[in-house]
Amino acid sequence: MDKKEIAKVLEEIADLLELKGENPFKVRAYRTASRSLLNFEGNFKKLVEEEKLDELEGVGEHIAEKITELFETGKLAYYEKLKKSTPPGMLQMIQVHGLGPKKVKALHKKKIRSIEELKTAAEKGKVAKIRGFGKKSAQNILDSLAHREAYQKRTLWWDAMTIAEPILEGLKKLKGVQKAEIAGSLRRKLETVGDLDFLVAASNPKPIMKWFTSLPGIQRVLASGETKSSVKLEGGIQADLRVVKESEFGYALCYFTGSKEHNIKLRDRALSCGWSLSEYGLAGARKTKKAATEEDLYKILGFSYIEPELREDRGELQAAEKKKLPHLIEVKDIRGTLHNHTTSSDGKSTLREMAAAAKKMGWEYLGISDHSKSSFQANGMDEKRLLAQVEEIRKLNASKSLGIYLFSGLECDILADGKLDFPKKILDHLDYVIGSVHASLTQNEKAMTRRIIKAVENPSLTILGHLTGRLLLRREPSRVDAQKVIDACIANNKIIELNGHPLRLDMDWRLWHKASEKGLLCCINTDAHHADNHQFILSGVNAARKGWLEKSQVINTVSLKEMQKLLKSRKN
DNA sequence: GCCGTTTTCGGCCCGACTGTTTTCAGTCG
């Protein structure tokens, strides 16, 4: 069993224990261990084999044993036994919003033992008669069941932002609103988010709550109180609003931005200073220690300011303590991108349209990299069309009519055996070559790793495109030993792309910090298939920031002259 | 079940909101 599957089993054990009425801290221990496992980036196999699982936070002797058993045999006696003693329907029912272990048990006692039985019972008014339930509970259960799938799914950061921004603007315009911000994972720029969090500073929350809970497009109001409201928007995404006093805003913003793990560490620090940190302030601190902003709060606790993107408990607090946080790259540092498609393959905009839009972005150059012939589904170019495009770009550059310099590139297929789609003599005509995997995505890890490394060792390749081919929320990443590929790229002087398309964000930000420390260089691209797609540079830079990247580690922050030099030197 | 500048037991975040009940348990984040 792999890491992900094992984490899922641990999570399920937590649910099962909860249903049994076990000690809540024991339940939490399993959840913590599960999350810790998912967050681990290193070589999991090695960790298990060298019996170093207990080095993971929240994994002790007992859970380590269970993980090992699952890893080695794919089974766990303890888990099987637990499952046997709990009807499967109860596990499903605990997933329903509003139903926890106690309520599921109460339902079970009344012989309601599956989602289907729950639905029927709620419709027939049976649920409303159970002690602890009522008419409203029954209706809420029916609502939750009707939208079960939509309520559970996550949303791409990009899509969530297009929903959140108008709401934020609306909040800012309301009378009495002193401050308004987006918080939560949306503010941390996580690639997908579960809900939208808003925070407002105002002395009178009532009219703000009223505005929020009567927004157009609200499917259901989940909660609406003095300081906190939750709604479900059309499409199923949840939006939460908290209103605090202006003096509390900095604390509250930090608290609601998270991550949870980051906050726990922050509270630890406060405790060790003899204070108690909450969303409302720093209790016990002397009056002079009253923080007004997040910057002040971090300073009081002995840290330099930590950008929201870094608040994932991945070493940022240790670095902030030593004043060694990176100076994160910004969108304005970008001078052009190198992975762009045109109507020559599967793009929707012409070469000139792509160039004009890039100029509008304020960029100095744009690399054109249409698909190669094997990407038949994407109208990949054959040799003749490719060379014609190279000629067209050469002429456009010579005429200086575009106001922006174009590089001739190619997104060249890495074939199943690791060979590139064109021979060297063709690729030699280009300024650079991006190698990407588009077919045979389901190869096993060994074959895929060997395939990609073979391409990386090919002197014609400049940049490795979207490492895993994942499509967030749609397609799983292909199995590849990322560490080995990173090492091969460094050894062969190759760049890895951070594909900034909101669906991809590949290579994953979690791998960049360590990789860049080893010396790997990054190219942030948009994989634009339309002139409007240059905007995706924002999501690419977000991911780079989450990966601790600085300007100097990203090649497409250099000037045109330097880029020409860089690409030329890498061709030899 | 985990963890420990209080080394092996005792603590582990806690406040907001709902819906029920009749003063608060359950759920959520």
Side-chain angles (χ1 to χ4, degrees), chain A residues 10 13-37 53-67 78 82 93-107 127-141 143-144 151 183-185 193-199 205 209 213 220-232 238-244 248 251-252 255-281 283:
Chain A
L10 294 179
I13 289 174
D15 284 341
L16 288 162
L17 291 174
E18 205 166 27
L19 282 167
K20 286 192 80 168
E22 259 287 0
N23 173 0
F25 297 109
K26 187 170 167 179
V27 174
R28 192 192 294 172
Y30 277 94
R31 295 202 201 282
T32 310
S34 170
R35 216 176 24 234
S36 191
L37 210 55
L53 275 167
D54 58 358
E55 285 180 8
L56 292 176
E57 230 176 303
V59 176
E61 192 191 336
H62 292 98
I63 294 187
E65 271 172 19
K66 293 185 173 82
I67 294 174
Y78 174 71
L82 263 179
M93 284 197 281
I94 208 172
Q95 308 294 335
V96 177
H97 184 96
L99 292 186
K102 301 264 171 69
K103 291 205 159 168
V104 168
K105 253 193 277 180
L107 289 166
V127 169
K129 284 186 191 136
I130 301 171
R131 188 181 167 81
F133 292 78
K135 269 191 179 159
K136 281 192 174 173
S137 309
Q139 189 54 49
N140 281 341
I141 287 170
D143 285 344
S144 297
Y151 284 0
S185 50
V193 302
D195 61 5
L196 315 177
D197 294 307
F198 299 96
L199 182 69
M209 288 301 177
T213 52
R220 199 174 145 198
V221 177
L222 294 172
S224 150
E226 278 282 299
T227 64
K228 182 182 162 184
S229 290
S230 294
V231 299
K232 283 284 182 194
Q238 181 169 330
D240 297 336
L241 171 67
R242 296 283 297 236
V243 181
V244 297
E248 298 161 347
Y251 301 100
Y255 184 88
F256 291 115
T257 297
S259 66
K260 199 174 174 174
E261 291 78 11
H262 177 90
N263 284 350
I264 289 171
K265 294 267 164 81
L266 269 187
R267 278 200 298 272
D268 266 4
R269 167 56 64 95
L271 278 175
S272 68
C273 297
W275 309 322
S276 158
L277 178 64
S278 77
E279 60 261 56
Y280 300 114

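A note on names: the letters A, B, ... follow the listed sequences, proteins ahead of strands, and every chain is numbered from 1. Just so it is clear, the values below take in all heavy atoms, side chains as well, and ignore hydrogens, waters and symmetry mates.
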Practice item. Please state how far atom CD1 in I94(A) lies from atom P in dC28(B), giving the value in whole angstrom units. Key: 8 Å
Exercise for review: Rounded to the nearest angstrom, tell me the gap between atom CG in L53(A) and atom P in dC2(B).
Suggested key: 11 Å
Review point. What nucleotide, of dT27(B), dG29(B), dT22(B), holds the atom closest to the side chain of Q238(A)?
Key: dG29(B)
**Study point:** Rounded C1' spacing from dG11(B) to dT6(B) in Å
**Key:** 12 Å
Practice item. Mark yes or no for whether S34(A), through its side chain, and Y30(A), through its backbone, hold a donor-acceptor pair below 3.5 Å. Key: no
Revision key, fill the gap. Heavy-atom closest pair (Y151(A) atom, S144(A) atom, distance to 0.1 Å) is CE2-CA, 4.2 Å
**Study point:** Rounded distance in Å between the C1' positions of dC17(B) and dC12(B)
**Key:** 24 Å
Review point. When the C1' atoms of dT20(B) and dT27(B) are considered, how many whole Å apart are they?
Key: 13 Å
Practice item. Please confirm whether any donor atom in the side chain of N23(A) sits under 3.5 Å from an acceptor in the base of dG1(B), or the reverse. Key: yes
Study note, to complete from the structure: Heavy atoms of A33(A) and G58(A) approach each other most closely as CB-O, 3.7 Å
Review point. Is a salt bridge present between K26(A) and E18(A), judged by a nitrogen-to-oxygen distance below 4.0 Å?
Key: no
Practice item. For dT22(B) and dC28(B), measure between their P atoms and round to the nearest Å. Key: 23 Å
Check your understanding: Quick one: on DNA chain B, does K260(A) or D240(A) contact a more 5' nucleotide (nearest heavy atom)?
Key -> K260(A)
Study note, to complete from the structure: K232(A) atom NZ is separated from dG29(B) atom C1', nearest whole Å, by 12 Å
Practice item. In whole angstrom, give me the gap between the C1' atoms of dC9(B) and dG15(B). Key: 29 Å
Check your understanding: Checking all strands, does P24(A) fall into the base, sugar-phosphate, or nothing category for heavy-atom contacts under 4.0 angstrom?
Key -> nothing
Practice item. Give the minimum heavy-atom separation between S278(A) and Y251(A), together with the two atoms involved. Key: O-CB, 3.8 Å
Review point. Which letter, B, S or -, goes with each nucleotide of nucleotides 14-19 of chain B from 5' to 3', with contact meaning a protein heavy atom under 4.0 Å?
Key: -SSSSS
Study note, to complete from the structure: Here the distance between atom P of dG29(B) and atom CD of E261(A), to the nearest Å, is 15 Å
Review point. Pick the nucleotide of DNA chain B nearest each of L99(A) and A64(A); which residue has the one closer to the 5' end?
Key: A64(A)
Check your understanding: Has E226(A) got more than 12 heavy atoms of other residues, nucleotides or ligands less than 6.0 Å from its CD?
Key -> no
Check your understanding: Phosphate oxygens OP1/OP2 of dT27(B): is one of them under 4.0 Å from a side-chain N or O of H97(A)?
Key -> no
Could you run down the sub-3.5 Å N/O contacts of the protein with nucleotides 5-8 of chain B?
none

Exercise for review: Between dA16(B) and dT23(B), how far apart are the P atoms? Round to whole Å, please.
Suggested key: 23 Å
Check your understanding: Are any of the side-chain nitrogens in K232(A) or D195(A) under 4.0 Å away from the carboxylate oxygens of its partner?
Key -> no
Check your understanding: Looking for any heavy atom pair under 4.0 Å, which part of the strands does K105(A) touch: base, sugar-phosphate only, or nothing?
Key -> nothing
Review point. Does any N or O in the side chain of N263(A) come within less than 3.5 Å of the main-chain N or O of Y255(A), such that one atom is a donor and the other an acceptor?
Key: yes
Exercise for review: Using atom CD1 of I13(A) as one end and atom P of dC2(B) as the other, report the distance to the nearest whole Å.
Suggested key: 12 Å
Check your understanding: Given atom CG of D195(A) and atom P of dG29(B), what is their separation to the nearest angstrom?
Key -> 7 Å
Check your understanding: Between P205(A) and V243(A), what is the shortest heavy-atom contact and its length?
Key -> CB-CG1, 3.7 Å
**Study point:** Paired nucleotide for dG4(B) [Watson-Crick or G-U wobble; both distances under 3.5 Å]
**Key:** dC9(B)
**Study point:** Whole angstrom value for the distance that separates P of dC28(B) from NZ of K102(A)
**Key:** 12 Å
Review point. Does any pair with a residue in residues 257-268 of chain A pass salt bridge (charged side-chain N to carboxylate O under 4.0 Å, His left out), and if so which ones, sequence neighbours excluded?
Key: R35(A)-E261(A), E57(A)-K265(A), K265(A)-D313(A)
